Structure formats: C-alpha cells, structure tokens
Amino acid sequence: NAGVTQTPKFRILKIGQSMTLQCTQDMNHNYMYWYRQDPGMGLKLIYYSVGAGITDKGEVPNGYNVSRSTTEDFPLRLELAAPSQTSVYFCATSPRQGANTGELFFGEGSRLTVL
Amino acid sequence: DQQVKQNSPSLSVQEGRISILNCDYTNSMFDYFLWYKKYPAEGPTFLISISSIKDKNEDGRFTVFLNKSAKHLSLHIVPSQPGDSAVYFCAARGGSGTYKYIFGTGTRLKVLA
C-alpha cells in the first residue's frame, strides 16, 4: 500500500524554468493539500482540493498552480521558478471531513532548489 | 497573521521525564487540533489529535490537553524517550465547512539519555 507518493524527491531548477511536482494517492481520499516548509519554519499551505475538479488557494499560493482532474492525482506547477521557491514541498491527503481523527497523511517530500 | 503559534523553538528534557509542548491559536472556529512529529528528510507523521468538543485525549505515552477559553493546547509525553527527539508541529483544522489545516512553526524536542 503506497499511500501518498511524491515525485521527484530532489530537483534543481534555474531561475525562470518551470516544472511540475507530482502527487498521487491510492487511499481514495477526497481532500488533498500542498504544503511548503522553509528552513526553520512551519508548513505553509499552498493549495488544497476537496475533490476532483475543485481547488482553492491556501496561505501562500503566489507563483504556483494546481489541478485536480482525478481523485488520485494533485500536481503542483511552478511556472517561473524563483529563488524564493527553494523549499521542501509536501503533499498530504485526508479522508472526508468528519473522519475520527482529522488526520492528514503526508508524502515524503520533494526538495526543490532554484538557482 | 499566524493563527497557530508555537512559541518555543526548542526544548530539552531528560530521558524518563515529562516533555510538555505548547501551542496557541487565535481562531475559535477550528474543529480539530493535531500534533505531528517530523524527523529530518521525512514527511510529518501523525501523533494524536483532539476534537474541539473535548478537553483531553490520551494515547499511550501521549496526551493532548485543550483549553478552549485560553485558546491553548499542549502535548505531554510521559516518559520521554531518546527516540522522541524530533520536531513537533501543532496543527488546527478549519471548522464550519473549511478544510484547511494550519500549522505552527514547530518545536524541536531533544531527549537526553
């Protein structure tokens, strides 16, 4: 049982390049999230989705785009990479709100460096 | 606007003693509060949570206390073990039909053998 899978695990980008961070889950969870964690900081919510076709902005959405065409996949797109986007990115999922613990399930993270 | 705050960036505790990690929040609409543990180069892992309608939840060595009037929650680890050394994040889930989870900045716990 894979859970939440993120690819790539590491990537170095040049300023102005674009890329997509992939996130896929096999738990049939409705809710999916993208967070970034900067050194010494907490996790900041970038975008989230409550189901296929529905996305919404989080705390720090500028410079990113998302789509949710299927329940399983929630890719995060960086269009014009900037050094400020150097971070570790985490994808997370949650079952339908009201589940017992309110737990989020995280992937292992994708470390992105923009030079 | 930091809705979830962890004011102690680090904490050191002797093995076998109690570790107490604190978290404050500002939004009274949060309906769930959670604690996550994170090791370097790994994703956060869920520890324990508490619904906003309760004031205590216990799971083995971990107990979370919620004080709604003070908008404060704490995580107690008893007894602390060296393997508990990690960064602990407090998180809150938006209630009233919102689905956002907001995290604090984390507290690095070091349990000394």
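Atoms considered below: every heavy atom in the structure, side chains included; atoms not considered: hydrogens, waters and symmetry mates. Only a predicted model underlies this, so the values are computations on that prediction, with no experimental measurement involved. Convention: sequence-line order gives letters A, B, ...; per-chain numbering from 1.
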Colleague: Closest heavy-atom contact between B:Tyr99 and A:Tyr31?
Modeller: CE2-OH, 3.2 Å
Colleague: First locate atom CZ of A:Phe90, then atom NZ of B:Lys38, and finally report the distance between them rounded to the nearest 0.5 Å.
Modeller: 4.0 Å
Colleague: Is any side-chain heavy atom of A:Gln37 closer than 4.5 Å to one of B:Phe89?
Modeller: yes
Colleague: Does one hydrophobic cluster hold both B:Phe30 and B:Phe65, with members joined at side-chain heavy-atom distances below 4.5 Å?
Modeller: no
Colleague: Show the atom names and distances, to 0.1 Å, of all donor-acceptor pairs under 3.5 Å that link a side chain in residues 102-113 of chain B to residues at least two apart or in another chain.
Modeller:
from, atom 1, to, atom 2, distance (Å)
B:Thr107, OG1, B:Ser8, O, 2.6

Colleague: Tell me every residue that passes salt bridge (charged side-chain N to carboxylate O under 4.0 Å, His left out) with B:Arg17, counting only those two or more places apart in sequence or in another chain.
Modeller: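 Scan of B:Arg17 (salt bridge (charged side-chain N to carboxylate O under 4.0 Å, His left out), adjacent residues dropped) gives none.
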Colleague: Side chain, backbone, both or neither: which part of B:Phe33 has an atom under 4.5 Å from a heavy atom of chain A?
Modeller: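 Contact with chain A: none, neither part.
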Colleague: Can B:Ile20 be reached from B:Leu11 by stepping across I, L, V, M, F, W or Y side chains whose heavy atoms are under 4.5 Å apart?
Modeller: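 No, B:Leu11 does not connect to B:Ile20 through the hydrophobic network.
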Colleague: At their closest point, which heavy atom of A:Tyr33 faces which heavy atom of B:Lys100, and how far apart are they?
Modeller: CE2-CA, 4.5 Å
Colleague: Applying a criterion of heavy atom separation less than 4.5 Å, what residues of residues 77-87 of chain B form contacts with chain A?
Modeller: none
Colleague: Can A:Leu43 be reached from A:Tyr89 by stepping across I, L, V, M, F, W or Y side chains whose heavy atoms are under 4.5 Å apart?
Modeller: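 They do not share one cluster, since no chain of ILVMFWY contacts under 4.5 Å joins A:Tyr89 to A:Leu43.
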Colleague: Please check if B:Leu21 and B:Val4 belong to a single hydrophobic cluster, counting links between Ile, Leu, Val, Met, Phe, Trp and Tyr side chain heavy atoms closer than 4.5 Å.
Modeller: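 Result: yes, single cluster for both.
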Colleague: Tabulate below the donor-acceptor pairs under 3.5 Å that side-chain atoms of residues 106-115 of chain A make, not counting sequence neighbours, or state none.
Modeller:
from, atom 1, to, atom 2, distance (Å)
A:Ser110, OG, A:Gln6, NE2, 3.3
A:Ser110, OG, A:Pro8, O, 2.7

Colleague: Do B:Tyr101 and A:Ser94 come close enough that some side-chain heavy atom pair is under 4.5 Å?
Modeller: yes
Colleague: May I ask whether A:Tyr47 and A:Met32 are part of the same hydrophobic cluster, defined by side-chain heavy atoms of I, L, V, M, F, W, Y residues being less than 4.5 angstrom apart, directly or through others?
Modeller: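 Yes, because A:Tyr47 and A:Met32 connect within a single hydrophobic cluster, where side-chain heavy atoms sit under 4.5 Å apart.
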Colleague: Does A:Leu104 reach the side chain of B:Tyr36, with side-chain heavy atoms less than 4.5 Å apart?
Modeller: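 Contact flag for A:Leu104/B:Tyr36 side chains = yes.
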Colleague: Who wins among A:Val88, A:Asp56, A:Leu45 for the most heavy-atom pairs under 4.5 Å with chain B?
Modeller: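 Heavy-atom pair counts peak at A:Leu45.
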